[in-house]
Amino acid sequence: MDPTCPSECIYNLIPSDLKEPPQPPRYISIFKATVKDDMQKAKTAMKTMGPAKVEVPSPKDFLKKHSKEKTLPPKKKFDRNMPKKPAVPLKTDHPVMGIQSGKNFINTNAADVIMGVAKKPKPIYVDKRTGDKHDLEPSGLVPKYINKKDYGVTPEYICKRNEEIKKAQEDYDRYIQENLKKAAMKRLSDEEREAVLQGLKKNWEEVHKEFQSLSVFIDSIPKKIRKQRLEEEMKQLEHDIGIIEKHKIIYIANNA
């Protein structure tokens, strides 16, 4: 009997359910925890725009006036008698000869370069796409004018002009007062001005009420004449009310 073939049995003719083989366990990397910690650290570092903990400045350390201005060195008394240069050596004076130095200049220069402070780059600006470079300080782009002593101070010519305008206004007011006195003009008080204004408004209301009572159809000459007269009166009253409201001080002729 062939071992590869099933044995002849009647039970083999009955269809049987196929059993699915069990799935193998899911693959889990042994480096998963390490990678997760690294990603979490990287994300946490990018959450802020700077250091995580920054000391908050104290309200007492506020920027004070003239705190950033440069202070000049103290003045020294100038002495004209003090010699500026050493005296010229005489013909009899001979220089000292044969002096040699044991200094190693190569090592000294190398130490100066290593220990020296790096030179700051010169500020420049580029104004073309080809990369043309120019000095930034003399270009006018640096706001150096704020360091001037007269920064924020009104110029002298403006102060002078303001004084001239003020003086001219005073002279004009004085001239007007003199002319008013000569012409014997009387100033209208606030109570009288308010009474005149209220009377004009009351007259305007009466004329306006009379204008509203006109008929809709103006079909005769007397109606047209009456309408024109009322419109002229209303326009004149509105003009007078506007003048009185615009001017607080009003002078009238003193006929008494």
Side-chain angles (χ1 to χ4, degrees), residues 27-166:
Y27 172 76
I28 300 176
S29 176
I30 60 175
F31 303 104
K32 180 179 178 181
T34 307
V35 174
K36 188 175 181 180
D37 294 342
D38 293 343
M39 290 293 293
Q40 190 67 23
K41 290 179 181 179
K43 287 183 179 179
T44 305
M46 298 299 178
K47 283 186 178 179
T48 59
M49 298 296 292
K53 294 182 180 179
V54 181
E55 294 183 1
V56 181
S58 175
K60 297 181 180 179
D61 299 336
F62 57 89
L63 184 62
K64 297 182 180 180
K65 187 177 181 181
H66 305 296
S67 62
K68 291 189 176 182
E69 290 185 357
K70 297 181 180 179
T71 57
L72 298 177
K75 292 183 179 180
K76 297 181 180 180
K77 189 176 181 181
F78 180 74
D79 188 6
R80 295 184 178 274
N81 298 325
M82 185 176 62
K84 297 182 180 180
K85 295 182 180 180
V88 179
L90 301 176
K91 294 190 296 181
T92 56
D93 296 340
H94 300 284
V96 181
M97 305 296 291
I99 298 177
Q100 296 182 357
S101 175
K103 182 178 179 180
N104 191 346
F105 290 95
I106 297 176
N107 296 338
T108 304
N109 294 339
D112 293 342
V113 172
I114 294 171
M115 302 299 294
V117 181
K119 187 178 180 181
K120 293 184 179 180
K122 192 175 182 180
I124 59 175
Y125 74 97
V126 179
D127 59 349
K128 293 183 180 179
R129 62 177 182 178
T130 54
D132 297 342
K133 298 179 181 179
H134 305 280
D135 293 341
L136 180 63
E137 187 173 356
S139 65
L141 301 175
V142 182
K144 297 191 295 183
Y145 56 86
I146 61 176
N147 296 326
K148 293 183 178 180
K149 293 182 179 180
D150 56 350
Y151 176 71
V153 181
T154 307
E156 185 178 355
Y157 73 94
I158 293 181
C159 298
K160 187 177 180 181
R161 183 181 299 174
N162 293 337
E163 292 178 358
E164 293 176 355
I165 293 173
K166 185 177 179 181

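Throughout, numbering of the chain's residues begins at 1 and tracks the sequence.
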Which atom pair, heavy atoms only, marks the closest approach of [X] to [Y]?
| X | Y | answer |
| --- | --- | --- |
| E137 | V142 | CA-CG2, 4.3 Å |
| H94 | K91 | CE1-O, 4.4 Å |
| L63 | S67 | CD1-OG, 3.3 Å |
| V126 | G131 | CG1-CA, 3.6 Å |
| T154 | I158 | CG2-CG2, 3.9 Å |

From [atom1] ([X]) to [atom2] ([Y]), nearest 0.5 Å:
| X | Y | atom1 | atom2 | result |
| --- | --- | --- | --- | --- |
| N162 | E164 | CG | CD | 9.5 Å |
| N109 | I114 | CG | CD1 | 11.0 Å |
| K166 | E163 | NZ | CD | 8.5 Å |

Salt bridge (Lys or Arg N to Asp or Glu O under 4.0 Å) partners of D132, counting only residues at least two apart:
K128
Under the rule for side-chain hydrogen bond (donor to acceptor under 3.5 Å, both in side chains), what residues qualify as partners of D135, not counting sequence neighbours?
K122
Taking L90's backbone N and O only, do any of them form a donor-acceptor pair with D93's side chain (distance below 3.5 Å, no angle check)?
yes
